[in-house]
Asks: 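My questions all concern the structure below.
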Amino acid sequence: MNAIQQTLLTLRSQQRCALIPFIMGGDPDLETSARLIEALADAGAEMIEVGVPFSDPIADGPFNQAAAERALAAGASLSALLDMLTRLKRRRPDLPPLILFSYANPLLQLGFEQLCARAVEAGIAGLLGVDLPSEEAQPYQALARQAGLGWVGLGWVGLVAPTTAPERLPAIISSASGCLYYIARAGFTGVQQQLSQSLADELRQLKARTDRPVIVGFGVSTPEQVASLAPQADGVVVGSALVQCVASASQNGENPVEKLRLKYMRLRYGLIKNF
């Protein structure tokens, strides 16, 4: 059992839901990203999603796209991000599991075998390949297993969307060694005022088909939304709202680390209060 599954199943046994923050790696710079991860860990995050900045995203809304552009302009890359995470892991071996959120291009450009070795060293617990369908991911999953990554806890996160055809679900479920990630809305990431009224039922139907942990994200931004999804999910991801918080603080001369910590704590308090 990898670190993602172990964490989520432990929380499930305690009738708790993980609140999973997302930040864009390298925004506003790599060293600040390291401090943001530490602050989220200290604030109680059970796992943290770290985005790999990419110039041509297809699933990112305006906040995450702008964050990726800032990170790339500041010199961030997948290789530099892995180096930073490796240094951070050596300094903070107590960090929660990290999920690397990336498009296929940076992963394959680095070289998947090299990626696997460096991901283990950096303390990465799971890979989320946003634009890599489960059918095309199988050779890379096999390489990860051959590298012994199952033993050290590298898990593959399977993406399921509202538009996923029912006949594809068994293959996606069986290929996900870490957890299943349900996309809360069709389209791209972002802050939305209201969640789909059918989302809770969609999550219940997915969980009825598998024992694997299920996390949900894309468009979740408020404490009330997090609390409404928690009973149906093992983890809820909040991204754009936190990315926006970092950007606003950096642009206004405020401390982005402290602003992010407070924002995450408000979300967490709302989850505990309303769940």
Asks: Within this structure, what is the CG-CD distance for the pair L203 and Q232, rounded to the nearest 0.5 Å?
Replies: 6.5 Å
Asks: Which atom pair, heavy atoms only, marks the closest approach of G239 to F22?
Replies: CA-CB, 3.6 Å
Asks: With the side chain counted from C-beta on, respond yes when Y103 and P57 share a heavy-atom pair under 4.5 Å apart, and no when they do not.
Replies: yes
Asks: Quick one: pull up OG in S77 and CZ in F54 and give me the separation to the nearest 0.5 Å.
Replies: 13.0 Å
Asks: Salt-bridge test for E31 and R87: reply yes if a basic N is under 4.0 Å from a carboxylate O, no otherwise.
Replies: yes
Asks: Within the distance-only criterion (no hydrogens, no angle test), does the side chain of S248 pair as donor or acceptor with the backbone N or O of C245 below 3.5 angstrom?
Replies: no
Asks: Does a donor on one side chain and an acceptor on the other come within less than 3.5 Å for R70 and S250?
Replies: no
Asks: Please check if M265 and L267 belong to a single hydrophobic cluster, counting links between Ile, Leu, Val, Met, Phe, Trp and Tyr side chain heavy atoms closer than 4.5 Å.
Replies: no
Asks: Answer whether the closest heavy-atom distance between the side chains of L81 and L100 falls below 4.5 Å.
Replies: yes
Asks: What is the minimum heavy-atom distance between A249 and K259, and which atoms define it?
Replies: CB-CG, 3.7 Å
Asks: Taking all atoms of both residues into account, what is the closest heavy-atom pair of T7 and E46, and its distance?
Replies: CG2-O, 3.9 Å
Asks: Determine, stepwise, if the pair N105 / D56 fulfils side chain to side chain contact (heavy atoms under 4.5 Å, CB included).
Replies: CA-CA 9 Å; N105 186 288; D56 298 290; over 6 Å; no
Asks: Looking only at heavy atoms, what is the nearest atom pair of P53 and A68, with distance?
Replies: CB-O, 3.8 Å
Asks: Is it the case that the side chain of T32 and the backbone of P28 share a donor-acceptor pair, with hydrogens and angles ignored and the cut-off at 3.5 Å?
Replies: no
Asks: Sequence neighbours left out, what pairs pass side chain to side chain donor-acceptor pair (under 3.5 Å) with at least one residue falling in residues 206-216?
Replies: K207-D234
Asks: With side chain to side chain contact (heavy atoms under 4.5 Å, CB included) as the test, pick out the partner of L127 among Y140, F112, F101.
Replies: F112
Asks: Kindly compute the distance separating CZ (R204) from OG (S198), expressed to the nearest 0.5 Å.
Replies: 10.5 Å
Asks: Can you confirm whether E113 is buried at CD, in the sense that more than 12 heavy atoms of other residues, nucleotides or ligands lie under 6.0 Å from that atom?
Replies: no
Asks: Can you check whether L36 reaches R261 side chain to side chain, under 4.5 Å on heavy atoms?
Replies: no
Asks: Strictly distance-based, threshold 3.5 Å: is any side-chain N or O of Y264 a donor or acceptor partner for the main-chain N or O of L19?
Replies: yes
Asks: Would you check if M47 and L98 make a side-chain contact, meaning some heavy-atom pair closer than 4.5 Å?
Replies: no
Asks: Taking atom CG of N64 and atom CG of D27, what is their separation to the nearest 0.5 Å?
Replies: 9.5 Å
Asks: Is I173 reachable from Y182 through a run of I, L, V, M, F, W or Y residues, each pair having side-chain heavy atoms under 4.5 Å apart?
Replies: yes
Asks: Taking the side chain as C-beta and beyond, is there a heavy-atom pair between V160 and I183 under 4.5 Å?
Replies: no
Asks: If you measure only the distance, is there a donor-acceptor pair under 3.5 Å linking the side chains of Q244 and S240?
Replies: no
Asks: Indicate the atoms forming the closest heavy-atom contact of L72 with S55, along with that distance.
Replies: CD1-N, 3.8 Å
Asks: Using side chain to side chain contact (heavy atoms under 4.5 Å, CB included), reason through V238 and I20 one step at a time and then give a plain yes or no.
Replies: CA-CA 6 Å; V238 177; I20 306 169; over 6 Å; no
Asks: Quick one: does L180's side chain get under 4.5 Å of I172's, heavy atoms only?
Replies: yes
Asks: Given side chains that start at C-beta, do those of V237 and V216 come closer than 4.5 Å, heavy atoms only?
Replies: no
Asks: Between L78 and L108, is there shared hydrophobic-cluster membership here, with clusters defined by ILVMFWY side-chain heavy atoms closer than 4.5 Å?
Replies: yes
Asks: Does the R268 side chain pair with the main chain of G44, one donor and one acceptor, at a distance under 3.5 Å?
Replies: yes
Asks: Between the side chains of S33 and D29, does any donor sit under 3.5 Å from an acceptor?
Replies: no
Asks: Using a cut-off of 6.0 Å, state whether more than 12 heavy atoms not belonging to Q114 lie near its atom CD.
Replies: yes
Asks: Can you tell me how far apart CG (L88) and CG (L30) are? Round to the nearest 0.5 Å.
Replies: 11.5 Å
Asks: D42: which residues meet the side-chain hydrogen bond (donor to acceptor under 3.5 Å, both in side chains) condition with it, sequence neighbours left out?
Replies: R92
Asks: Quick one: does V214's side chain get under 4.5 Å of Y181's, heavy atoms only?
Replies: no
Asks: Is the closest basic N to carboxylate O distance between E121 and K89 below 4.0 Å?
Replies: no
Asks: Taking all non-hydrogen atoms of both residues into account, name the closest pair between V243 and M24 and its distance.
Replies: CG2-N, 4.3 Å
Asks: When rounded to the nearest 0.5 angstrom, what distance separates CD in Q6 from CD1 in I4?
Replies: 11.5 Å
Asks: Can you list the steps and then say if I48 with V50 is a side chain to side chain contact (heavy atoms under 4.5 Å, CB included)?
Replies: CA-CA 6 Å; I48 300 169; V50 182; 4.3 Å; yes
Asks: Walk me through it: do R118 and I124 pass the test side chain to side chain contact (heavy atoms under 4.5 Å, CB included)?
Replies: CA-CA 9 Å; R118 293 180 64 182; I124 301 297; over 6 Å; no
